[in-house]
Amino acid sequence: MATDEEIARFGAVLGELHRLLRRRTVARAAREPLPEAQVELLLLVRAAPGISGKEVARRLGTAPNTVSTLVRDLTDAGLLARERDPADRRVVRLHVTEAALRRMADYEVHRAALLTESLAEVDPAARSAVLAAAPHLDALLTALRNRP
């Protein structure tokens, strides 16, 4: 079993990797970064088109009024579309727009290029180990998603 120190280091490295990768990718894409909460919402809606605002709040673990603000801001930016559910007009269904899909695809191209370049600078054995860890990190992600 991992020690507390190993677990702490792992968490710190993952956090810093995420932050640095995000900052550098946004800089390469030469655009203003979206707030992390908006990015999370867009990723969720892209994965679950037609999701309700209430379900977004539940899955993100945030207050419905926070989701309403995020949805309003993303809609105003042309990145999210809202539509009333025909079966229940009180429910709002969310969809990412074509502009959001283009922006997300552009970001992913820049992120992949940055990762490819950075991995090329890492020792081949370490590079293989990092890439081989992806399925295990997916399993960890699933375990985290399943926790309350």
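Worth knowing before you read on, the calculation uses all heavy atoms, side chains too, and leaves out hydrogens, waters and symmetry mates. Owing to the predicted nature of the structure, the values given are computational and were not obtained by experimental measurement.
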Side-chain ion pair, [X] and [Y], N-O less than 4.0 Å:
| X | Y | result |
| --- | --- | --- |
| Glu36 | Arg19 | no |
| Asp85 | Arg90 | no |
| Glu5 | Arg9 | no |

Spell out, as yes or no, whether a donor-acceptor pair under 3.5 Å connects the side chain of Thr62 to the backbone of Arg58.
-> no

Say whether, by atom type as modelled, one donor and one acceptor occur between the side chain of Arg127 and the main chain of Val122 under 3.5 angstrom.
-> yes

Considering only heavy atoms from C-beta outward, does the side chain of [X] approach that of [Y] to under 4.5 Å?
| X | Y | value |
| --- | --- | --- |
| Val96 | Leu79 | no |
| Asp73 | Leu80 | no |
| Thr97 | Thr75 | no |
| Ile51 | Arg93 | no |
| Met104 | Leu43 | yes |
| Val26 | Glu32 | no |
| Val92 | Leu94 | yes |

Please determine whether the number of non-hydrogen atoms from other residues, nucleotides or ligands lying under 6.0 Å from atom [atom1] of [X] exceeds 12.
| X | atom1 | answer |
| --- | --- | --- |
| Asp4 | CG | no |
| Arg24 | CZ | no |
| Glu16 | CD | yes |

Just how far is it from atom CZ of Arg145 to atom CG of Asp138, taken to the nearest 0.5 Å?
-> 8.0 Å

To the nearest 0.5 Å, atom CZ of Arg82 lies from atom CG of Leu74 at 10.0 Å

If two hydrophobic side chains count as joined below 4.5 Å and joins carry through other members, does [X] share a cluster with [Y]?
| X | Y | value |
| --- | --- | --- |
| Leu101 | Leu42 | yes |
| Leu144 | Leu14 | yes |
| Leu17 | Leu114 | no |
| Tyr107 | Val39 | no |

How close do [X] and [Y] get, heavy atom to heavy atom, and via which atoms?
| X | Y | value |
| --- | --- | --- |
| Ser52 | Val91 | CB-CG1, 3.8 Å |
| Ile7 | Ala2 | CD1-CB, 3.7 Å |
| Gly50 | His95 | N-CE1, 3.4 Å |
| Thr25 | His110 | CG2-CB, 3.9 Å |
| Gly78 | Ala99 | O-CB, 3.7 Å |
| Leu34 | Gln38 | CD2-OE1, 3.4 Å |

Can you list the steps and then say if Leu44 with Glu55 is a side-chain contact (heavy atoms from CB on, under 4.5 Å)?
-> CA-CA 10 Å; Leu44 177 56; Glu55 181 62 12; over 6 Å; no

Output, in order, the C-alpha distance, side-chain angles, deciding distance and verdict of side-chain contact (heavy atoms from CB on, under 4.5 Å) for His136 and Leu140.
-> CA-CA 6 Å; His136 306 293; Leu140 177 59; over 6 Å; no

Glu108 and its salt bridge (charged side-chain N to carboxylate O under 4.0 Å, His left out) partner, picked from Arg103, Arg28, Arg46, Arg102 | Arg46

